[in-house]
Each structure stands twice: as structure tokens, then as C-alpha cells.
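Just follow the structure's listing: the first ligand is 1, and inside any ligand the first atom is 1. Note that the structure is a prediction, hence the values are computed from the model and not measured.
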Amino acid sequence: MVNNRINLLGLNMAGLEKFVDELGEKRFRAGQLLQWLHQYGVDDLDSMTNISKKLRTTIGERAVIQGPEIVSDHIASDGTRKWVLRMAGGSDIETVYIPDGKRGTLCISSQVGCQLNCTFCSTARQGFNRNLSAAEIIGQVWIAKRLLQPYTGKPPSTQSRAITNVVFMGMGEPLLNLDPVTDAIEIMLDDHGYGLSRRRVTVSTSGVVPMFATLRQRVPVSLAVSLHAPNDELRCQLVPLNKKYPIAMLLEACKQYVADEARQKITFEYAMLKGVNDQPAHARELAKVLRGVPSKINLIPFNPFPDAPYERSDDQTIDQFQQIMIKAGYITTIRRTRGDDIDAACGQLVGKVLPRQRRQRPGSASRSIAQPPGNKSNSAWDSPADAR
Ligand code: SAH
């Protein structure tokens with residue numbers, strides 16, 4: 001809601017149908033709106049030429065099209081592009097675009113900050129402010145697309161999409177904000193929206209087991225699980241959520257998630273922390289524990305941040321770990337670090353998270369920028385299939 005008017009960006013097809021129903025309009029108007037907003041990426045009602053002036057005025061009385069405010073926009077020498085986006089209430093999040101040949105992956109955030117306290121993740125240091133709304137989640141895709149592929153007045157070709165993949169690997173735990181996350185995913189998958197296939201949208205989770213079935217039932221997109229350790233003792237230290245949902249339970253939920261889905265695999269993310277989880281014995285244990293789970297493994301060289309209690313494993317150690325996993329029959333890739341020169345490398349996501357108590361009510365946020373964040377800000381990102 002913006003000044004009591006609904007933000008059209010956050011409405012999926014069902015939401016838009018309800019909206020047009022309430023105006024006494026035909027249902028197909030919802031598809032038109034979705035198409036203008038997301039396929040073409042317009043930001044004003046007057047561009048919507050197949051909708052009558054009268055109807056546009058009525059819509060304008062009840063709704064707005066409000067995208068995120070851009071605080072900064074940087075492009076790295078390798079083409080990686082990072083935006084710092086200001087949310088209502090004054091906190092900032094980050095969105096990163098990673099072009100790679102024909103693929104263009106957008107890494108988006110689902111919450112301002114995070115509640116999960118993984119010890120190797122800098123977002124945890126910042127605390128948690130709030131969940132993002134569906135409009136704020138899809139708004140990241142909307143703004144990136146507008147900037148990467150501005151609307152020219154002609155229908156965009158599906159062949160030359162700038163954004164081919166979306167990963168929820170920015171700030172926050174998507175499965176702890178599932179309703180807005182699924183609404184946003186529905187817009188990504190809708191042919192009138194971004195038209196992405198469900199395999200090209202990846203939700204990354206630290207393992208909120210009870211939500212797996214709901215996600216699968218609503219939008220069976222690709223799932224990535226931040227595993228990082230082959231046993232409960234170590235995983236409890238790295239990912240405290242493991243105390244609640246230990247590895248056996250997590251892996252059972254993973255199996256269920258891909259059951260009856262030929263060729264569908266879970267991507268397991270594994271941050272390589274020097275001397276902590278990167279030894280050959282860990283690899284062998286991991287190979288054993290993942291037996292029977294359709295898996296792909298993505299090793300992420302740890303990205304350090306100030307006062308981080310870990311160091312990045314040596315390249316040689318990472319290669320050795322990868323070889324053990326490959327020999328054991330697992331597809332195992334090493335995630336390249338991209339966008340180094342603009343601090344957009346994986347896993348050091350910072351943004352600017354205001355403390356909860358200082359949160360302003362939506363709508364009361366000052367739209368003028370107090371100060372651009374001069375702090376180091378990095379994003380966790382990547383398409384799970386990337387290799388170094
Ligand atoms: N909460 C979700 C998504 C956000 S993190 C999750 O836990 O999956 C996206 C990925 O980056 C996760 O696999 C996370 O474990 C990893 N990551 C976080 N901090 C990192 C760091 N400093 N170095 C490397 N990877 C990191």
C-alpha cells in the first residue's frame with residue numbers, strides 16, 4: 001500500500017484478477033496489466049494503450065506502480081552489475097546481475113537482513129529488520145529488467161532476454177517469508193510476466209524444512225540448500241538452524257522435494273572454510289551422507305568480511321575436495337567469484353539494515369536519500385550450475 005493505494009507491482013495474476021473484478025472489469029484486463037508491468041516493464045498507466053483512458057483513470061485512483069528507489073548502480077569490469085535499493089523504512093538491500101554468455105542471472109533478496117545467524121555470513125551481523133513485500137521482491141526483477149532492457153514500444157523477444165535466471169541468494173531466508181516469495185515467483189513464471197521456466201528460478205534456503213512441501217506445492221522451482229557441513233556437530237556451529245532441523249531431516253525433505261521429478265536435483269551449497277569443513281575426510285563424509293539424494297554440489301570459496309572468524313580455503317584444497325566428490329559420482333562445481341571490483345562477490349551481502357525499532361511505517365519513509373552507503377556491500381549470488 002502506498003498512501004492507501006495498492007502497488008500493482010506486487011500483484012500476481014490472481015491478485016490482479018481480484019483487483020479488476022472489484023472495478024467491475026473483465027478478467028482479461030489482469031493479463032494486460034501483468035504484461036504491461038512486467039513483460040514490457042512500463043512504470044506509468046498512460047503507456048498502457050490497450051486500456052481505455054477512463055479505466056486508466058479509475059485504476060490510478062486506487063493503485064500506483066511503485067518500484068524501488070535506486071541508491072547506487074555499479075558495473076564491474078566483468079559485466080556484473082550491482083544495485084543498492086532503498087526500501088520503504090530506509091533500509092537498503094542489494095540486487096546483483098551476473099551475465100555469463102547467454103545466461104543472465106539476477107540474484108535477489110527476500111528480507112531486509114536475516115534472522116538465522118549463520119556464522120560465516122555477513123548478513124547475519126546486521127540483524128533482521130523485516131520481510132520484503134511481494135512488490136519489493138518482484139520490484140528487484142522489474143527494475144533490473146527496465147535498466148537492462150528498456151521498453152522500446154515493441155514486444156520484447158523471448159530470445160534475447162537479459163534476465164534468464166533468478167536466484168534467491170541475496171539477503172534473507174526466502175522460506176521464512178514464503179507468501180510474498182511465492183507471489184513474486186508466480187509473476188516470474190507467468191507468461192504475461194517474465195515467462196521464466198520453473199527450473200530457472202532457484203530458491204536457496206538454509207533448511208527451513210517444514211516449508212519445503214508448501215513451496216513445492218505452490219511453485220515447484222529449483223531448490224538450493226545451504227549445507228556447508230557433512231555432519232550435525234559441525235553444521236550446528238555454522239548454521240544454527242540445524243539444531244532445529246538436523247541433516248537427516250533436511251535430506252529427507254530434499255528427497256521429497258524432487259520425488260517423481262526425473263532429472264531434478266537439489267543443489268547443495270558448501271562454503272569452503274579453511275581448516276573447518278574443507279578436509280578430504282569432510283568430502284568423503286559428505287559423499288556418504290548425500291548418497292541417495294539427487295544432488296549437485298556447488299563449492300563456494302568463502303568470501304571474507306571484516307572480523308570474519310574464517311578464512312577462505314586454498315585453491316588446491318578446494319580442487320581436491322571437488323575431485324573427491326566427482327570421483328564419488330557427484331556433479332560438483334566451484335563457484336566463480338564475480339564482480340570483485342564492485343564488491344559484488346558472493347556471500348558478503350551487506351546493504352544497510354536499520355534496527356527494527358527504528359523502522360518507519362510504510363509511507364512515512366523519507367524519499368530523500370540520507371546518505372549513500374559508503375560501506376562495503378557485497379551480495380551472495382550465483383546460478384548453481386556455474387563453475388569456476
Ligand atoms: N538464506 C538463504 C539465501 C541467502 S545466502 C540460504 O541460506 O541459502 C546465499 C548463499 O551464500 C548461501 O549458500 C550462503 O550460505 C552463502 N554465503 C553466505 N555468506 C557467505 C560467505 N561469506 N562466503 C561464501 N558464501 C556465503
Going by distance only, is there an N or O of [X] that falls short of 3.5 Å from an N or O of ligand 1?
X    : result
E173 : yes
S226 : yes
F120 : yes
G172 : yes

Inset, instruction - Could you walk me through whether E252 and Q256 pass side chain to side chain donor-acceptor pair (under 3.5 Å), step by step? - result: CA-CA 6 Å; E252 187 49 43; Q256 297 295 327; 3.1 Å; yes
For residues 242-251, which side-chain donor-acceptor pairs fall under 3.5 Å, sequence neighbours excluded?
| residue | atom | partner | partner atom | Å |
| --- | --- | --- | --- | --- |
| N242 | OD1 | R235 | NH1 | 2.8 |
| N242 | ND2 | D232 | OD1 | 3.0 |

Inset, instruction - Name all residues meeting the salt bridge (Lys or Arg N to Asp or Glu O under 4.0 Å) criterion together with E136; count only those two or more places apart in sequence or in a different chain, and write none if there are none. - result: R130
May I ask you to list the atoms of ligand 1 that are less than 4.0 angstrom from any heavy atom of [X]?
X    : value
F302 : 21 (C), 22 (N), 23 (N), 24 (C)
C121 : 18 (C), 19 (N)
E269 : 10 (C), 12 (C), 13 (O)
F168 : 3 (C)
S206 : 6 (C), 7 (O), 8 (O)

Inset, instruction - Show the numbers, then the answer: is there a side chain to side chain donor-acceptor pair (under 3.5 Å) between W36 and N50? - result: CA-CA 10 Å; W36 282 115; N50 56 2; 2.7 Å; yes
Quick check on [X] - does any of its heavy atoms sit under 4.0 Å from an atom of ligand 1?
X    : value
Y310 : no
H228 : yes
G170 : yes

Legend entry - Flag side-chain contact, heavy atom, 4.5 Å: I59 against F19: yes
Legend entry - ligand 1-proximal atoms of T205, by part, heavy-atom distance under 4.0 Å: backbone
Legend entry - Charged N-O contact under 4.0 Å between D307 and R125: no
Legend entry - E94 vs S109, side chain to side chain donor-acceptor pair (under 3.5 Å): CA-CA, chis, key distance, verdict: CA-CA 7 Å; E94 294 184 350; S109 298; over 6 Å; no
Inset, instruction - Decide side chain to side chain donor-acceptor pair (under 3.5 Å) for T182 and R218; before the verdict, give the C-alpha distance in whole Å, the side-chain angles of both, and the deciding distance to 0.1 Å. - result: CA-CA 7 Å; T182 43; R218 292 187 188 171; 3.0 Å; yes
Inset, instruction - Would you check if the side chain of E69 reaches a backbone N or O of L85 as a donor-acceptor pair within less than 3.5 Å? - result: no
